[in-house]
There are 2 protein chains.
Amino acid sequence: MNYITKLQNHDLKATPQRLEIVDILYKSGHINIDDLYVSLKNKFPSLSLATVYKNINTMRDRVFVSEVKIPNKKSLYELKKDEHAHIICTKCNSIMDITLQTSEILDQAEELSRYKIEQTAIIISGICPKCLSQTMQ
Amino acid sequence: MNYITKLQNHDLKATPQRLEIVDILYKSGHINIDDLYVSLKNKFPSLSLATVYKNINTMRDRVFVSEVKIPNKKSLYELKKDEHAHIICTKCNSIMDITLQTSEILDQAEELSRYKIEQTAIIISGICPKCLSQTMQ
DNA sequence: CTAAATGCAAAGCATTTGCAAATAT
DNA sequence: ATATTTGCAAATGCTTTGCATTTAG
């Protein structure tokens, strides 16, 4: 399915600015507002930062993008996908998605807390393979 | 060990304001800056919000408090303890600590990502038992 | 006594809002 | 044709900074 249809499915008009936002999100995986704004400026020099905020906010509200809150960092945004964890490198800030088998800890959590669980956010910090190999040299 | 010694162990002078911050953090478990400021104002009417920020920031830097970033919420602060997950009620915003057996998913994460893991932040959202029972009525 | 902390005001960022003009459907 | 979106400027909100005064150790 193409970006235009995906946007429309979420009641979002497919403006050129939005199409480019989706494209950047898709290509970068995860990006913060400022970097997104800088990227967008290439194609739309007259673009206003307010428009980026408005769009990211409505896209968040329409469950089309999600915000990833990372300890000690500005939030990143990504296109909404199935639930997954994030692992981020404290050296180079690269970030990747990983899909973990969480049912066991969720059972534990439900047992311990007696909450009805709806969502889980897992952010793991560490050193990525690339930085690890550089450290060893 | 008392608060004074604990502060001093982290190279923090035990001012009355700080002692009260620690006491509020201890009693509340988790609190955001604004609520903390309001609480502190009771005892220190002349207290400035800047002082609260400065203190929370230095306490964070000295690894005496930690920041908990929650999806769609302002950050909360808590006294530093052993690593643990947080579970938060999307209805009433109550939050509790839970200690989960995370070794399995961390093994998975390490296997999948090849990262060297340093830290894990797990925030679970759901409905707390109290709100659950109210919903059913 | 001295280095650190406080409180105030001002500065600095980040984010949102209001509104006229442009645009997607 | 109309409701939504854009872009601008201004407003708001949050956090930090500078500095004189106070205070903990």
Side-chain angles (χ1 to χ4, degrees), chain A residues 1-24 31-62 64-65 67-77, chain B residues 1-25 31-62 64-77:
Chain A
M1 204 196 305
N2 61 52
Y3 293 162
I4 297 182
T5 315
K6 279 191 178 144
L7 283 167
Q8 290 173 346
N9 285 347
H10 291 261
D11 283 310
L12 295 160
K13 287 190 176 179
T15 66
Q17 292 89 339
R18 280 179 182 167
L19 287 167
E20 183 70 4
I21 289 176
V22 178
D23 196 49
I24 294 171
I31 197 166
N32 70 35
I33 291 277
D34 297 329
D35 293 348
L36 176 58
Y37 179 58
V38 171
S39 283
L40 287 163
K41 272 278 184 183
N42 294 328
K43 204 164 201 168
F44 304 101
S46 71
L47 182 88
S48 131
L49 182 55
T51 301
V52 181
Y53 275 107
K54 284 175 192 167
N55 276 320
I56 285 292
N57 286 342
T58 54
M59 288 175 175
R60 204 221 297 102
D61 297 344
R62 309 270 166 92
F64 183 74
V65 308
E67 183 178 2
V68 186
K69 285 192 168 191
I70 297 174
N72 318 314
K73 297 262 153 52
K74 279 195 92 172
S75 287
L76 301 180
Y77 297 89
Chain B
M1 205 195 305
N2 61 51
Y3 294 161
I4 296 182
T5 315
K6 279 189 178 143
L7 283 167
Q8 291 173 345
N9 285 348
H10 291 261
D11 282 309
L12 295 160
K13 287 192 175 176
T15 65
Q17 293 87 338
R18 282 179 178 166
L19 287 167
E20 183 70 4
I21 288 176
V22 177
D23 195 49
I24 293 171
L25 286 174
I31 196 166
N32 69 36
I33 291 278
D34 299 328
D35 293 347
L36 176 57
Y37 179 57
V38 170
S39 281
L40 287 163
K41 273 278 184 181
N42 293 327
K43 203 164 202 168
F44 304 100
S46 71
L47 182 89
S48 131
L49 182 54
T51 301
V52 181
Y53 275 106
K54 284 175 192 165
N55 276 319
I56 284 293
N57 287 342
T58 55
M59 288 176 175
R60 203 218 300 101
D61 298 344
R62 310 269 166 92
F64 182 75
V65 309
S66 20
E67 182 177 2
V68 186
K69 284 191 170 194
I70 296 174
N72 318 313
K73 296 262 153 55
K74 281 196 91 172
S75 287
L76 301 181
Y77 297 89

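Lettering of chains follows the sequences in order, A, B, ..., and the numbering in each one begins at 1. Because only heavy atoms are used, hydrogens play no part in the values below, and waters and symmetry mates are left out as well, while side chains stay in.
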With A:Phe64, which residues qualify under ring-ring contact (aromatic ring centres under 6.0 Å, His included), at least two apart?
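A:Phe64 satisfies ring-ring contact (aromatic ring centres under 6.0 Å, His included) with A:His10 only.
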Chain A on DNA chain C: first and last contacting nucleotide, 5' to 3', under 4.0 Å to a heavy atom?
C:dA14 to C:dT25
Please determine if a side-chain N or O atom of A:Asn55 lies less than 4.0 Å away from the OP1 or OP2 oxygen of D:dT5.
no
Under the side chain to side chain contact (heavy atoms under 4.5 Å, CB included) test, residues paired with [X] that sit two or more places apart:
{"X": "B:Tyr3", "result": "B:Leu19, B:Val22, B:Asp23, B:Tyr26"}
{"X": "A:Asp61", "result": "none"}
{"X": "A:Ser46", "result": "none"}
{"X": "A:Asn2", "result": "A:Ile4, A:Thr5"}

So if I define the base as every atom that isn't primed, P, OP1 or OP2, how would nucleotides 17-25 of chain D read as a B/S/- string at a heavy-atom cutoff under 4.0 Å?
BB-----BS
Using a 4.5 Å cut-off on heavy atoms from C-beta on, say whether the side chain of B:Ile24 contacts that of B:Lys43.
no
Below 4.5 Å, heavy atoms only, C-beta onward: do B:Leu7 and B:Met59 meet side chain to side chain?
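When only atoms from C-beta onward are counted, B:Met59 and B:Leu7 do touch, with a gap below 4.5 Å.
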Determine yes or no for a side-chain-to-main-chain donor-acceptor pair under 3.5 angstrom, with A:Lys69 supplying the side chain and B:Pro71 the backbone.
no
Checking the side chain of B:Arg62 only, and the main-chain atoms of B:Asp11 only, is there a donor and an acceptor separated by less than 3.5 Å?
yes
Side chain to side chain contact (heavy atoms under 4.5 Å, CB included) with B:Ile21: which of B:Val65, B:Leu40, B:Thr51?
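Of the listed residues B:Val65, B:Leu40, B:Thr51, the side chain to side chain contact (heavy atoms under 4.5 Å, CB included) partner of B:Ile21 is B:Leu40.
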Grab the CE-C1' distance between A:Met59 and D:dT4 for me, whole Å please.
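Taking CE of A:Met59 and C1' of D:dT4, I get 13 Å after rounding.
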Could you give the CD1-to-C1' distance, from B:Ile56 to D:dC14, as a whole number of Å?
15 Å
Sequence-distant partners of B:Lys13, salt bridge (charged side-chain N to carboxylate O under 4.0 Å, His left out), two or more places apart:
none
Using salt bridge (charged side-chain N to carboxylate O under 4.0 Å, His left out) as the criterion, list what pairs up with B:Asp34, not counting sequence neighbours.
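B:Lys74.
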Hits for side chain to side chain donor-acceptor pair (under 3.5 Å) against B:Asn57, two or more places apart or cross-chain, chain-then-number order -> B:Arg60
Starting from the first five and the last five pairs of the helix from C:dC1-D:dG25 to C:dT25-D:dA1, work out the angle between the resulting helix axes, to 10 degrees.
50°
Of the residues in residues 38-48 of chain B, which ones touch DNA chain D at a heavy-atom distance under 4.0 Å?
none
